[in-house]
Protein chains: 2
Amino acid sequence: MPQGEPGQSRRPGRPTMREVARLAGVAPKTVSRVVNGVSTVDPQMAARVREAAEKLGYRPNLTASNLRRGDGRTATIGMLVEDAANPYSAALIRTVENIARERGVLVLIGSLDEDPDRERELALALIDRRVDGLVIVPAGRDQSYLIAEQRAGTCLVFVDREPKLLDADVVVSDNRQGAVTAVRHLMEAGHRRIAFLGDQASIPTAAQRLDGYLHALELAQVTADRTLIQQGLVTEQGAIEAARHLMALSDPPTALFTSQNLVTIGASRALRDLALENRVAMVGFDDFPLADMLRPGISVMAQDIEAIGRLAAHALFRRLDGDQSPTATTTVPTRLITRGSGEIPLGEPLRA
Amino acid sequence: MPQGEPGQSRRPGRPTMREVARLAGVAPKTVSRVVNGVSTVDPQMAARVREAAEKLGYRPNLTASNLRRGDGRTATIGMLVEDAANPYSAALIRTVENIARERGVLVLIGSLDEDPDRERELALALIDRRVDGLVIVPAGRDQSYLIAEQRAGTCLVFVDREPKLLDADVVVSDNRQGAVTAVRHLMEAGHRRIAFLGDQASIPTAAQRLDGYLHALELAQVTADRTLIQQGLVTEQGAIEAARHLMALSDPPTALFTSQNLVTIGASRALRDLALENRVAMVGFDDFPLADMLRPGISVMAQDIEAIGRLAAHALFRRLDGDQSPTATTTVPTRLITRGSGEIPLGEPLRA
DNA sequence: TGATGTCGAGACCACGTTGTCTCACCGTGT
DNA sequence: ACACGGTGAGACAACGTGGTCTCGACATCA
């Protein structure tokens, strides 16, 4: 016996303010006031409203609220990272999430996989959902498509890489100085033939790290040897092959500077396969879990991801709170962690 | 000279359909049709609308659309995990994100840190934003607070642990069988004194793994020794201390079964500190990066996280597509990966 | 007692969009 | 020439909520 309107509303939808109002015998606006904690409501009436809301299982509709509301805030921000599954991105997400949570703000995430098209698509998809702001680790070389959105009121903060053709707050690691420190550290152990293994040259951080590497060599008056510079290593396997190739040179490097996580791990595998892990020194950029458990432990230039995420989130919320000051780029220092691999001294030449 | 309405609309907000409509000289509804790709619009008119939208930098407001729209879908789902920064959760997020993306659905995330209150708060915060569905790795022991939401149309899928007092789809690993396999593997190497190191007993997966451990012993007619069972290990440091304690017993275990990632790594550190890593066998539950790079490599029961995430996402979207069939629990098998630590044979007793 | 001020609840509408309905217009058939 | 069906654009209202304004009630004071 299909009924149009039984006593209890059994239609699939959710109860609305209007229904709560009807049950409590008040106007919808009063329910709105109670839900928003407006203090001018009679306590007794408020109690009746809360009771009715409870009874119906009422939950406010934030999308409707956001639509009507003056400030148009959704209490939601978006975060676009390279890959939510990699430890760097994951740690960044978690830090931002924690700070957002303190303000009752939730985080929408998207992985870009270094694809500029995806960056654009996802950024716009987030904007279509009217996020209050965006934290972006950009994949593309042109963020001008965001100019209109920024002007329309979406706050933007960039992390790890600067935006192009767009003026926004940025938080980055000191990649160049970090690379200089890494290479000088290897030099202190006596090394002069130091190879550089890096990922795509198109990624700004990779370029900055190469720049630091070259600068450190120059400071020490060591002529850079192009054969020792391997770039465009995208996978762990690529890094393994590059390291093998380097070590097979007639005059192989005595130390490696690997400019990214996956590359560090790949090179580390290659050295072990060649039984050279205790003879060739290595410093990697980016720390990674269990780096201290390998033999030798892997010395790294660690980025302070927690600080980066915290600064980015704070920059975003400061803007959301109305800060109009000029945009700023914050540079976070990196830190050398010595664990063994970077302290292997220059020994006998590996090849006659 | 403050102007109310200059030629170009310069107010901070975003252009709306109405403004696009005015510029294109059509009705708002026509803009709506163009934006939604309705085919009955005159191509010439559609082009004019698109041009106007482009010119104004128009972006549709999905929250408004969702409000008016019949199905009330936001093309957004929520995902509550233990901690977005841990590799297990991060991989899960990424898998779900990938499948959601194929449908133009974005993912809101939240980390629970095993806190039931946070689970409830975040789940409701997501529901207030009218997510279409939720993927939850529950922290609490009672999900009845979601019954009303489920009835109201929010699809729910649980991962890794079953919900309590709520009927919903579930995707879990075969924890018990995995533990049985791990312990039998250690027995095949001759071990009988096998310790169990696990995290909080309150977490269902932990209980299931302990259950499997006990069952395997029973099958082999080995009496379980309560002194060899260490539970409630929350941190890596806790696991280190537990392993130290076990190895200091007058009759220490010859093999360890560690029921969780952090515990495995802690135990591994402890064994290495005691120089026992090549004498005491160990199998861990959950694979982790670089497990193969340690010496010895750490043998593990690996969960198929990608399959779990995929099945969970598919279950969710099947429901969203209207599937009304009874809820189902899908169990995903685990896989033994041998890397050395689990194959260390029973040798001389460690203590006289 | 009457004028005034205060305060809290409700009426009304708009936020940006889309479902529904209307209606003008076109081509077709007789 | 007229009726007709089909087609496509626009008018209108409503989704759930909150900003604004109104208004009645009650307290205060001259």
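Order of the sequence lines fixes the chain letters, A, B, ..., with proteins taken first and strands second; residue numbering starts at 1 for each chain.
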Within a radius of less than 6.0 Å around CZ of A/Arg120, do more than 12 heavy atoms belonging to other residues, nucleotides or ligands occur?
no
Separation of A/Arg129 atom CZ from C/dT17 atom P, in whole Å?
15 Å
Spacing of B/Arg14 atom CZ relative to C/dG16 atom C1', expressed in whole Å:
13 Å
Under 4.0 Å between a side-chain N/O of B/Asn36 and OP1 or OP2 of C/dT18, yes or no?
yes
Nearest heavy atom decides the nucleotide; on that basis, is A/Arg18 or A/Val31 closer to the 5' end of DNA chain D?
A/Arg18
Examine D/dG18: is either OP1 or OP2 under 4.0 Å from a nitrogen or oxygen in the side chain of A/Ser65? Give yes or no.
yes
Under 4.0 angstrom between A/Ser32 side-chain N/O and D/dT17 OP1 or OP2
no
Can you tell me how far P of D/dC15 sits from CG of B/Asp71, to the nearest Å?
16 Å
Would you mind telling me which of C/dG19, C/dT17, C/dG10 lies closest to the side-chain atoms of A/Ala27?
C/dG10
Find out whether A/Val26 and A/Arg33 are in side-chain contact, i.e. whether some heavy atom of one side chain is under 4.5 Å from a heavy atom of the other.
no
Check the side chains of B/Asp169 and B/Thr327 for a donor-acceptor pair under 3.5 angstrom, ignoring hydrogens and angles.
no
Under 4.0 angstrom between A/Thr30 side-chain N/O and C/dG10 OP1 or OP2
yes
Of the listed nucleotides D/dG16, C/dT17, D/dT20, the one nearest the side chain of A/Leu67:
D/dG16
Electrostatic pair A/Arg14:B/Glu149 at N-O distance under 4.0 angstrom:
yes
Whole angstrom is fine here: how far is it from CG in B/Asn66 over to C1' in D/dC15?
9 Å
With the side chain of B/Met17 defined as its heavy atoms from C-beta on, choose the nearest nucleotide among D/dT17, C/dG10, C/dT17.
C/dT17
Spacing between A/Met45 atom CE and C/dA9 atom P, to the nearest angstrom:
5 Å
Pick one: which of A/Thr74, A/Thr76, A/Thr154, A/Asn66 meets side-chain hydrogen bond (donor to acceptor under 3.5 Å, both in side chains) with A/Asp132?
A/Thr74
If only side-chain N and O atoms of A/Arg68 are considered, is one of them under 4.0 Å from the OP1 or OP2 phosphate oxygen of C/dC13?
no
Contact class for A/Pro60 vs. all strands (heavy atom < 4.0 Å): base, sugar-phosphate, or nothing?
sugar-phosphate
Provide, to the nearest angstrom, the distance between the CG atom belonging to A/Asp42 and the C1' atom belonging to C/dT6.
16 Å
Separation of C/dC15 atom P from A/Arg69 atom CZ, nearest Å, is 17 Å
Nearest-Å distance, CZ (B/Arg33) to P (D/dT7)?
14 Å
